[in-house]
Amino acid sequence: MSMHEAARGALAAQKQKSLKETRERLELAVRRIVNGNPQVVKKGSKLTAASVAKEAGVDRVTLYRFHEPVLSELRRINDTTPRALLKETRAERARAETKQKEYLRLAEEAQEEVKALARINYRLDARIKELEELLRIRDDVIKDLQQHRQQGSSVEPLTRRPNL
């Protein structure tokens, strides 16, 4: 083996090591962005080749040129994410509609209770007025009796007395 071949072998090994390290950095960058905890790009950034390359500290051309499996993974994630989000959104909407129906039912029940209480309140208010009137009449009778007693009259002062 010549020195030239040995150098070529060493360069090839270094290239493979470099590609492997770069691939690992790219894959970690993808996971960080997907999980919502990137270190370089802005949190909430879309998962794109540019954002992954920036997050990994790799030139975008390198990603396109030597790391097709990472690009395939990006495409796969981006193709399935909208469907998963759509299913989640539909499920959330169904839960929200169920809650809304329950709240409407509870509100209707509460309105019926308010109406029933208003009717009871109206009847009680009428009864209070009736009793206040009876008390007023009673007080008038007592006052008349006291006045006649003070005057020394033995005749009944009022011919009309309500039944108390």
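The basis for the numbers below is simple: all heavy atoms, side chains too, and nothing from hydrogens, waters or symmetry mates.
- Between Glu109 and Arg105 a salt bridge is recorded (basic side-chain N to carboxylate O distance below 4.0 Å).
- We find the CG-CG distance between Leu135 and Asp140 to be 11.0 Å, quoted to the nearest 0.5 Å.
- The cluster map of Ile, Leu, Val, Met, Phe, Trp and Tyr, joined by side-chain heavy atoms under 4.5 Å apart, puts Ile77 and Leu63 in the same cluster.
- Tracing side-chain contacts under 4.5 Å through hydrophobic residues (I, L, V, M, F, W, Y), one reaches Tyr64 starting from Leu26; they form part of the same cluster.
- Side chains of Val52 and Leu47 form a contact here, defined as non-hydrogen atoms less than 4.5 Å apart.
- Between Arg8 and Glu5 there is no salt bridge, since no side-chain nitrogen of the basic residue lies less than 4.0 Å from a carboxylate oxygen of the acidic one.
- Atom-to-atom distance recorded for Asp139:CG and Asp144:CG is 11.0 Å, nearest 0.5 angstrom.
- Between the side chains of Glu68 and Ser72, at least one donor-acceptor pair of N or O atoms lies under 3.5 Å.
- Residues Leu28 and Leu71 do not share a hydrophobic cluster, defined by chaining ILVMFWY side chains whose heavy atoms lie under 4.5 Å apart.
- Val34 and Val70 fall within a single hydrophobic cluster, where Ile, Leu, Val, Met, Phe, Trp and Tyr side chains are chained together by heavy-atom contacts under 4.5 Å.
- Here the straight-line distance linking atom CD of Gln14 with atom NZ of Lys17 works out to 6.0 Å at 0.5 Å rounding.
- Summarising the local packing, CZ of Arg75 is surrounded by more than 12 heavy atoms from other residues, nucleotides or ligands at distances under 6.0 Å.
- In summary, Glu132 and Lys129 do not engage in a salt bridge, as defined by a charged side-chain N under 4.0 Å from a carboxylate O.
- Closest approach of Pro38 to Glu55, counting heavy atoms only: CB-OE1, 3.4 Å.
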With side chain to side chain contact (heavy atoms under 4.5 Å, CB included) as the criterion, how do Leu19 and His67 come out once you've worked through the C-alpha distance, each side chain's angles and the decisive distance to 0.1 Å?
CA-CA 8 Å; Leu19 282 172; His67 301 283; 3.9 Å; yes
